[in-house]
Amino acid sequence: MKGHSEETSLRTLFQLLKKQKQIASYCLPEKLKAKLFPIMCDEYDLSNNLPDDLSPFMLLCDQNKFIYPEESNLIDCLSDCMDFLRSTELPIQGVKMKEANEEQFILNISYKEGISQNTGEAYELIEVLLGKVEDVKWQRSCFTTIDKLNVNLRTFKKQFLIGKTTANVGLFIQYESGKTIPLLFKEPITFGYPIFDTFIEGNKFLKEMAMETCDLPFTWNEIFKGYNKLDFFQKKYPNQVFKKNTNKYSAGCIYALMKIKPFLSDNAFRKFEAFCFAKRLGSDVFCVAKNNDFIAHLLLNYWKWKLKLDEEKEEDLYYYILDIIRMSKKLKEPVELNVRSLNGLFGYHDDLVRKLNQKRIKKMNKNIYLLNHSNH
């Protein structure tokens, strides 16, 4: 990834993460982590030969922000549950957590090294696990013969930053089902929590893309390979031509222009391009970035602005526009944007209907003519 030194290994990046003040101040203290997650700590201590500065660290999250352990209701609740299980004489093996802590999550960030089974090459990996506490219960680690009270996490998602250096990393996400795929652009890095902020800040292009609000059909791994928007789009779409001013505009705007260009005449495309460059294109249009529906939503945004339409007419207008796109494709004509009123748009639609009917009649007459001559 350009913008980061090729000498920066993931090991070094992980060590830097642990030292960041905005992260270190929120980390669960080692004593508290050992008390709440003894099985996890056992497994790390006995199965890894890594130094302490590469040991996993945990952060508590309340919705979209970090919280200090001493401010967490979750920690208080866990401590109470453990005290109860230690003191009770009843044969109770565990306690499930209540819904009161539903908005509090735990992030577990760990570093691993290994050898790829496919290539035989060494790799480094930073894993970010997003989980929620399910219960507290007595259990035994495979590394010890003593039952310990342990807080069990239910893992919702994991993200992996894997590679050798920050110049050649891949970013993947694993869901609760076990399915693992490259992290889609619509999914925020580290679930939207500021874990890799310094990593992102060091790369101008990555920082720009992280600020995009559009749902675009890219993966972060594809984005990692670019060093600016022009370079990225040229690599992603090698058969397309992009202008030198590509870097000045949002990725959503450039993607929309690329997709709509084949549907418009040259004059109409210049009008739509000016509309996009004036930043009038809403990010909600990218929720349906597929086929004719996407083009229809782009044109809907344009005509809503051009004709100053209110939202009440939006749904009906959308289906007229979708019809215009379909008919234009059948007629092999580009869509024009020179209508000046809503009635003009309806008239444009009706003109296309007439043209299509005439084309069908002409084709039917031709078939009848050929059929009659074939019978003689």
Side-chain angles (χ1 to χ4, degrees), residues 1-6 119 159-175 179-192 196 199-264 266 269-270 272-299 301-302 325 329:
M1 181 188 298
K2 295 189 179 184
H4 294 279
S5 168
E6 293 191 4
T119 64
Q159 286 188 12
F160 305 93
L161 193 66
I162 186 169
K164 291 184 179 179
T165 70
T166 51
N168 64 0
V169 293
L171 189 55
F172 298 85
I173 185 168
Q174 184 180 81
Y175 295 96
K179 181 181 179 181
T180 302
I181 60 172
L183 185 66
L184 301 177
F185 178 64
K186 67 180 181 180
E187 297 267 7
I189 295 176
T190 60
F191 313 109
F196 290 142
F199 175 54
I200 294 172
E201 291 286 335
N203 185 305
K204 183 179 178 182
F205 173 53
L206 191 58
K207 183 179 178 181
E208 287 179 2
M209 293 301 289
M211 294 174 66
E212 288 276 346
T213 58
C214 301
D215 178 5
L216 298 168
F218 310 147
T219 68
W220 283 103
N221 291 345
E222 292 170 332
I223 293 168
F224 286 170
K225 295 175 183 177
Y227 61 88
N228 59 31
K229 291 190 184 82
L230 179 58
D231 178 63
F232 165 72
F233 276 100
Q234 286 177 332
K235 289 176 178 175
K236 172 75 173 171
Y237 304 102
N239 296 325
Q240 300 287 335
V241 177
F242 298 95
K243 296 181 179 180
K244 292 182 179 179
N245 66 354
T246 294
N247 293 325
K248 294 182 180 180
Y249 303 104
S250 70
C253 180
I254 301 304
Y255 179 79
L257 289 173
M258 178 191 71
K259 286 295 185 180
I260 203 171
K261 188 173 183 179
F263 292 84
L264 303 179
D266 291 342
F269 179 74
R270 285 192 291 271
F272 190 84
E273 186 178 46
F275 164 73
C276 275
F277 289 167
K279 300 181 180 179
R280 296 189 180 99
L281 194 62
S283 60
D284 57 327
V285 71
F286 295 92
C287 296
V288 286
K290 291 182 180 180
N291 307 324
N292 291 347
D293 287 335
F294 180 45
I295 305 304
H297 276 87
L298 291 176
L299 292 177
N301 269 253
Y302 174 81
I325 294 168
K329 287 178 72 175

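Summarising the geometry of I223 relative to F205, their closest heavy-atom pair is O-CE2, 3.3 Å, with the distance given to 0.1 Å. Contact between Y255 and F294 at its shortest, heavy atoms only, is CE2-CE2, 3.6 Å. Between L230 and K243, the shortest heavy-atom distance links the atoms CD1-O, 3.6 Å. Of all the heavy atoms in C276 and C253, the pair that sits closest is CB-SG, 3.2 Å. The minimum heavy-atom distance linking K329 with N292 is given by the pair NZ-OD1, 3.6 Å. The shortest non-hydrogen separation linking I173 to L183 is CB-CD1, 3.8 Å.
Taking the six-membered ring where the residue is Trp, F275 and Y302 present perpendicular rings, their angle passing 60° and hence far from 30°. Using bins of under 30°, 30° to 60° and over 60° for the plane-to-plane angle, the ring pair F233/F242 lands in the tilted bin.
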Practice item. Please step through side chain to side chain contact (heavy atoms under 4.5 Å, CB included) for the pair F185 and E222, ending with a clear verdict. Key: CA-CA 9 Å; F185 178 64; E222 292 170 332; over 6 Å; no
Exercise for review: Walk me through it: do K235 and D231 pass the test salt bridge (Lys or Arg N to Asp or Glu O under 4.0 Å)?
Suggested key: CA-CA 6 Å; K235 289 176 178 175; D231 178 63; 3.1 Å; yes
Check your understanding: Between F263 and L299, does a side chain to side chain contact (heavy atoms under 4.5 Å, CB included) hold up when you go through it step by step?
Key -> CA-CA 10 Å; F263 292 84; L299 292 177; over 6 Å; no
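Separating the CG atom in L257 from the CZ atom in F277 is a distance of 5.5 Å, to the nearest 0.5 Å. Remark: K259 NZ to L298 CG distance equals 11.0 Å, nearest 0.5 Å. Of the inter-residue distances, the one linking H297 atom NE2 with I295 atom CD1 reads 11.5 Å to the nearest 0.5 angstrom. Expressed to the nearest 0.5 Å, how far CG of L216 lies from CE of M209 amounts to 6.5 Å. A distance of 7.5 Å separates CG of D266 from NZ of K261, quoted to the nearest 0.5 Å. Here the OG1-CD1 distance, from T190 to I200, works out to 6.5 Å after rounding to the nearest 0.5 Å.
Taking the ring centroids of F272 and F269, they lie at or beyond the 6.0 Å cut-off.
Using a distance-only test at 3.5 Å, with no hydrogens or angles considered, a donor-acceptor pair links the side chain of N168 to the main chain of T165. Put simply, the side chain of N221 never gets that close to the backbone of G170: no donor and acceptor are under 3.5 Å apart. Under the 3.5 Å distance criterion, the side-chain polar atoms of E212 are matched with a main-chain donor or acceptor of A251.
Partners of K164 by salt bridge (Lys or Arg N to Asp or Glu O under 4.0 Å), not counting sequence neighbours: none found.
More than 12 heavy atoms of other residues, nucleotides or ligands sit less than 6.0 Å from atom NZ of K236.
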